[in-house]
Structures are given as C-alpha cells and as structure tokens.
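Just so you know, these numbers come straight off a predicted model, no measurement behind them. Ligands are counted one by one from 1 in listed order, and the atoms in each one are counted from 1 as well.
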Amino acid sequence: MIRIAIIGAGRIGHVHARAVDAHPAAELVLVCDPFEKNAKELSAQYGVRYCLDPQEVFDAPEVDAVIIGSPTRFHVDHILAAVKAGKKVMSEKPIALDVAEAKRCIDELGEAADNVMMGFNRRFDPSFAEIHQRIDDGEIGQLQQLIVVSRDPAAPPAEYVAGSGGIFKDMTIHDFDTVRFFLGDIAEVTAVGTNVDEAIAAQGDFDQVLVTLKSTEGRLATIVNSRSCAFGYDQRLEAFGADGMLSADNLTQTAVRKATSSQTEAKSAVMDFFLERYEDAYRIELGRFIDTADAGTPASPSVRDGYAALLLAQATADSARTGAAVKL
Ligand SMILES: NC(=O)c1ccc[n+]([C@@H]2O[C@H](COP(=O)([O-])OP(=O)(O)OC[C@H]3O[C@@H](n4cnc5c(N)ncnc54)[C@H](O)[C@@H]3O)[C@@H](O)[C@H]2O)c1
C-alpha cells in the first residue's frame with residue numbers, strides 16, 4: 001500500500017484524490033492547501049487529515065508519495081522539497097512558467113529527475129496510447145505526419161489568463177508533450193496566433209494558435225488550439241504513416257446516434273471538459289506512478305519531459321511573436 005498526500009485541493013487535486021481513492025494499492029492520507037476551506041472540503045470527502053503548510057507533508061513519516069497540484073508557480077519548490085524529504089513525486093504540468101526556473105529544478109534534482117513523474121495525462125488516454133502502440137507495432141509503417149487538435153469549450157476567466165504564462169505554456173504544453181511522445185525530440189517550430197476573444201487579446205495573449213513542428217528525424221506535426229469551441233471539448237489526433245492512418249475522434253457522452261430526414265450519424269455532445277474526457281487517463285496515469293514508485297524505476301513522462309515541453313512552449317511563443325521559425 002502506498003500512502004499518498006495531495007498538495008493543492010483545487011480542480012486537479014480533486015481529480016487525483018478520486019483516482020487515489022479508487023486505486024486498490026493506494027491510500028490517500030493527507031491533503032494540503034493553504035486555503036483552509038479547500039483543504040477541509042477535499043479531505044472531508046475522503047475522511048483524511050488536512051494541513052495548511054506543505055512542509056507538514058514533507059515532514060510526515062506516514063506519507064510515502066506526494067502528488068503536486070498546487071498553482072504552477074509553486075511546482076519547483078514543492079518538487080525539490082518533496083524529493084529532498086525522500087518522497088516519491090508526481091507533479092502537475094507545467095514544471096514552471098520560466099525556463100530558467102525549470103532548469104534550476106532539473107539541475108538541483110540531478111539523477112533524481114528521472115524518478116519525478118510529470119502529469120502529462122494525455123499519454124495515458126486509452127485511444128492515444130493505442131495509436132502509439134499500433135504505430136510501434138508497425139500497422140501504418142513509418143509515421144510521417146501527426147495532427148493534434150485541442151480546443152477548450154470556453155475561455156478561462158481573465159484572472160486565470162493573467163497568471164497562466166500564456167496559451168503555449170498553459171494549454172499547448174499538453175500538445176507539445178503529445179507530439180514528443182509520438183515524434184521524439186523536436187528540431188524546429190513555427191507558430192502563428194490570433195484572437196477572437198478581446199479579453200484575452202487585451203492581456204497580450206492569443207486564444208487561437210497553430211503550431212508546426214519538425215522532429216530531429218524530419219517528421220512533421222501540426223497542433224491546432226483554440227480557447228473556445230462551440231461544440232465543447234474538442235480532442236482529436238491523427239497519425240499519418242507510409243502505409244495508412246490511425247486517428248482518434250472525440251468521445252461523446254453516449255454512443256447513441258440519430259438519423260432523420262435532415263441528419264445522419266448525429267451523436268450526443270462531446271465530453272464536457274478535461275475532468276470527464278480524461279478521467280480514464282488520470283486513473284491510468286496514477287497506476288503508472290504507483291508502479292514506478294514501487295519498483296524504483298524511471299518515471300515516464302518525467303520532469304525532463306516537462307522541461308523539454310516548456311522549452312518548446314518558449315520557442316513557440318517566440319516564433320508567434322516574431323513570425324520566424326525557431327530552431328531548438
Ligand atoms: N493535467 C491536467 O489536465 C491539468 C488540469 C488542470 C490543471 N492542471 C495543473 O494543475 C495545477 C493546479 O491547477 P487547478 O486548475 O487545479 O487550479 P485551482 O486553482 O483549481 O487549484 C489550485 C489549488 O492550490 C491551492 N494553493 C494555492 N497556493 C498553494 C500553495 N502554496 N501550496 C499548496 N496549494 C496551494 C489553492 O488554494 C487551490 O485550492 C496547475 O499547475 C495546472 O496547470 C493540470
């Protein structure tokens with residue numbers, strides 16, 4: 001049994017708590033959040049102790065592993081302190097908003113960086129993971145092009161955008177990891193951005209972006225992001241290879257389809273947002289964290305993947321600003 005503490009009792013803290021509670025080999029033992037209301041509410045749901053100061057988590061002998069779901073600006077300090085205290089660690093993305101801060105984290109961790117897992121949950125989505133496996137099995141020959149479509153249902157509040165680090169570090173970061181998962185290291189990025197959302201434009205951020213990436217092996221990828229989407233959370237992937245194509249469409253709330261004189265194949269709405277759409281992925285991600293923590297084997301994805309994705313986010317932001325391709 002692995003005894004787990006969660007730092008940050010917000011949206012993603014609730015997702016992880018549910019997954020921990022459902023895992024037969026894991027036990028949630030402590031919830032930490034400086035906002036007592038949040039700490040109390042989440043801990044009460046599972047009948048566990050709460051604290052307000054993360055240091056209490058690091059000092060707690062009954063905690064084997066820590067899941068970090070605090071706001072991004074605290075990730076590096078929480079990762080370093082938890083590892084120093086001998087805890088197994090999984091941290092939410094992004095590793096940091098600032099490349100130098102992320103580098104400090106990797107440098108201070110040294111070899112321990114291999115064992116710190118990064119919460120890039122989409123690698124564990126059953127459809128995306130299946131496509132990855134089937135490419136490895138040679139079903140579509142050499143992978144040549146990847147298209148990742150990721151559109152959020154609605155723009156976040158202005159105060160969230162202000163602290164988010166911009167669309168590339170906040171949102172596209174998941175897609176950078178997806179592209180790296182399929183194509184490996186990236187050699188060059190080009191990006192364009194624009195706005196349909198005036199509130200986001202007023203903050204100097206984009207709400208619509210297109211990114212093209214070329215891997216070190218010469219394979220291409222396109223990422224399509226929008227901060228809003230009239231039909232909900234649009235999450236699709238297409239892998240095009242020499243011998244064929246594998247693609248994953250949106251998941252819908254039910255499998256029911258309707259045909260009438262004016263429509264065919266009409267399905268119910270797509271899954272609402274990340275909590276629902278990626279519920280399986282978060283659960284499988286936790287299982288991977290526990291397995292690697294138990295075995296003491298390297299985490300995958302690790303904070304090194306988090307750093308690589310952040311470098312891509314920074315390069316892409318530079319490309320969108322200058323209009324030039326950026327080599328990595
Ligand atoms: N992997 C994913 O799909 C995914 C989805 C959502 C968010 N995230 C990431 O998770 C992190 C949290 O996002 P969220 O949407 O849950 O935010 P949130 O605002 O809902 O929750 C953050 C929580 O952290 C608490 N907090 C504030 N300061 C803290 C501190 N110093 N120590 C501990 N807790 C503190 C807040 O009180 C709040 O309860 C972000 O880094 C975000 O990028 C990842």
Side-chain angles (χ1 to χ4, degrees), residues 5-19 30-45 50-58 60 63 66-82 89-98 101-102 105 117-125 128 150 152-178 181 225 227 233 235 271-286 288-289 301 303 305-306 309-310 313:
I6 292 179
I7 299 183
R11 291 185 306 172
I12 203 70
H14 280 256
V15 170
H16 290 307
R18 194 159 52 241
L30 185 56
V31 167
C32 172
D33 196 301
F35 292 86
E36 188 163 12
K37 182 176 166 294
N38 295 1
K40 228 176 182 169
E41 190 189 304
L42 182 58
S43 62
Q45 261 183 46
Y50 73 84
C51 64
L52 308 181
D53 181 354
Q55 192 57 46
E56 268 191 58
V57 172
F58 310 135
V63 171
V66 179
I67 296 177
I68 298 169
S70 49
T72 302
R73 64 186 183 281
F74 300 110
H75 289 179
V76 168
D77 285 347
H78 290 166
I79 291 169
L80 291 173
V89 179
M90 174 164 77
S91 172
E92 264 313 327
K93 46 57 62 177
I95 180 173
L97 293 181
D98 178 55
E101 173 78 347
C105 183
M117 187 153 161
M118 196 87 236
F120 284 129
N121 54 295
R122 295 185 195 176
R123 290 193 185 206
F124 302 98
D125 174 70
F128 300 164
S150 176
D152 282 354
E159 54 286 4
Y160 178 90
V161 173
S164 71
I167 189 168
F168 297 113
K169 290 178 182 171
D170 181 54
M171 183 173 169
T172 326
I173 195 95
H174 276 295
D175 308 306
F176 292 133
D177 184 66
T178 301
F181 182 44
N225 282 168
R227 281 289 197 186
Y233 192 38
Q235 300 288 295
M271 298 279 211
D272 198 31
F273 204 8
F274 61 90
L275 307 176
E276 296 81 15
R277 170 63 184 80
Y278 288 116
E279 189 173 357
D280 282 344
Y282 294 118
R283 190 176 44 72
I284 298 166
E285 172 186 70
L286 179 79
R288 172 69 70 85
F289 173 53
V303 282
D305 296 297
L310 186 67

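Close approach of ligand 1 to His75 is summarised as follows: ligand atoms under 4.0 Å from at least one heavy atom of the residue are 41 (O). Of all the atoms in ligand 1, the ones that sit under 4.0 Å from a non-hydrogen atom of Asn38 are 37 (O), 38 (C), 39 (O). Residue-ligand proximity, Gly119 to ligand 1, at heavy-atom distances under 4.0 Å covers atoms 1 (N). Residue Gly8 approaches ligand 1 through these ligand atoms, each under 4.0 Å from one of its heavy atoms: 24 (O), 34 (N). Atoms of ligand 1 found under 4.0 Å from any heavy atom of Thr72, numbered from 1 in the order shown, are 40 (C), 41 (O), 43 (O). Numbered from 1 in the order shown, with element, the atoms of ligand 1 that lie under 4.0 Å from a heavy atom of Phe274 read 5 (C), 6 (C). The distance from ligand 1 to the heavy atoms of His174 drops below 4.0 Å at these ligand atoms: 1 (N), 2 (C), 3 (O). Each of the atoms 33 (C) of ligand 1 lies under 4.0 Å from some heavy atom of Ile7.
Only the side chain of Tyr282 comes within contact range of ligand 1, with a heavy atom under 4.0 Å; no backbone atom does. When heavy-atom distances to ligand 1 are checked against a 4.0 Å cut-off, Ala9 comes that close only through its backbone atoms N, CA, C and O. With a 4.0 Å cut-off on non-hydrogen atoms, Glu92 touches ligand 1 through its side chain and not its backbone.
Proximity annotation for atom 23 (C) of ligand 1: of Leu42, Asp33, Val15, Asp33 comes nearest, heavy atoms only. Between the choices Lys37, His16, Lys93, Lys169, the shortest heavy-atom distance to atom 43 (O) of ligand 1 belongs to Lys93.
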Test side chain to side chain contact (heavy atoms under 4.5 Å, CB included) applied to Tyr278 and His174, step by step: CA-CA 12 Å; Tyr278 288 116; His174 276 295; over 6 Å; no
Audit row: Met271, Tyr233, side chain to side chain contact (heavy atoms under 4.5 Å, CB included) steps and yes/no: CA-CA 6 Å; Met271 298 279 211; Tyr233 192 38; 5.6 Å; no
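Separating the CG atom in Asp175 from the CZ atom in Arg122 is a distance of 5.0 Å, to the nearest 0.5 Å. Here NE2 of His14 is found 10.5 Å from CG of Leu275. Values are rounded to the nearest 0.5 Å. In this structure, Ile7 CD1 and Asp53 CG are separated by 9.5 Å, a value rounded to the nearest 0.5 Å. Asn225 CG to Asp170 CG: the interatomic distance, rounded to the nearest 0.5 Å, is 10.0 Å. If you take CE on Met118 and CD1 on Ile95, they are separated by 5.5 Å, rounding to the nearest 0.5 Å. Here the straight-line distance linking atom CE of Met171 with atom OG of Ser150 works out to 4.5 Å at 0.5 Å rounding.
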Please set out all donor-acceptor pairs under 3.5 angstrom arising from side-chain atoms of residues 67-77, sequence neighbours excluded.
from, atom 1, to, atom 2, distance (Å)
Ser70, OG, His78, ND1, 3.0
His75, ND1, Glu92, O, 3.2
His75, ND1, Pro94, O, 2.7
His75, NE2, Ser70, O, 2.7
Asp77, OD1, Arg104, NH2, 3.3

Report, one line per pair, each donor and acceptor closer than 3.5 Å where one atom sits in a side chain of residues 33-42; sequence neighbours left out.
from, atom 1, to, atom 2, distance (Å)
Asp33, OD1, Phe35, N, 2.9
Asp33, OD2, Ala9, N, 2.7
Glu36, OE2, Tyr50, OH, 2.5

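Salt-bridge formation is detected for the pair Asp305/Arg123: a Lys NZ or Arg NE/NH1/NH2 atom is positioned less than 4.0 Å from an Asp or Glu carboxylate oxygen.
The closest approach between Pro94 and ligand 1 falls below 4.0 Å for a heavy atom of the residue. By the 4.0 Å heavy-atom criterion, Phe120 is excluded from the residues contacting ligand 1. Distances from ligand 1 to the non-hydrogen atoms of His78 include at least one value under 4.0 Å.
Distance from atom 17 (O) of ligand 1 to its nearest protein heavy atom, with residue and atom name: Arg11 N, 4.5 Å. Nearest non-hydrogen protein atom to atom 12 (C) of ligand 1 is Gly69 O, 3.3 Å. Protein heavy atom in closest approach to atom 34 (N) of ligand 1: Pro34 CD, 3.3 Å. With respect to atom 28 (N) of ligand 1, the closest heavy atom belonging to the protein is Phe74 CE1, 3.4 Å. At the shortest separation from atom 21 (O) of ligand 1 among protein heavy atoms lies Gly10 CA, 3.1 Å. Of the protein's non-hydrogen atoms, the one nearest atom 26 (N) of ligand 1 is Pro71 CD, 3.4 Å. Closest to atom 11 (C) of ligand 1, if we only count protein heavy atoms, is Ser70 O, 3.3 Å.
Within the cation-pi definition used here (under 6.0 Å to the ring centroid, within 45° of the axis), Arg277 qualifies as a partner of Phe128.
Counting heavy atoms from C-beta outward, Ile12 and His16 have side chains that approach closer than 4.5 Å. No side-chain heavy atom of Lys93 sits under 4.5 Å from any side-chain heavy atom of Phe176. Residues Met117 and Glu285 have side chains in contact (heavy-atom distance under 4.5 Å, counting atoms from C-beta outward).
Considering backbone and side-chain N/O of Tyr160, none are found under 3.5 Å from N/O of ligand 1. Polar contact with ligand 1: present for Ile12 (N/O pair, distance under 3.5 Å).
Looking only at distances, no side-chain donor or acceptor of Glu279 sits under 3.5 Å from a matching main-chain atom of Glu276.
For atom 39 (O) of ligand 1, the protein comes within 4.0 Å by at least one heavy atom. Less than 4.0 angstrom separates atom 31 (N) of ligand 1 from at least one non-hydrogen atom of the protein.
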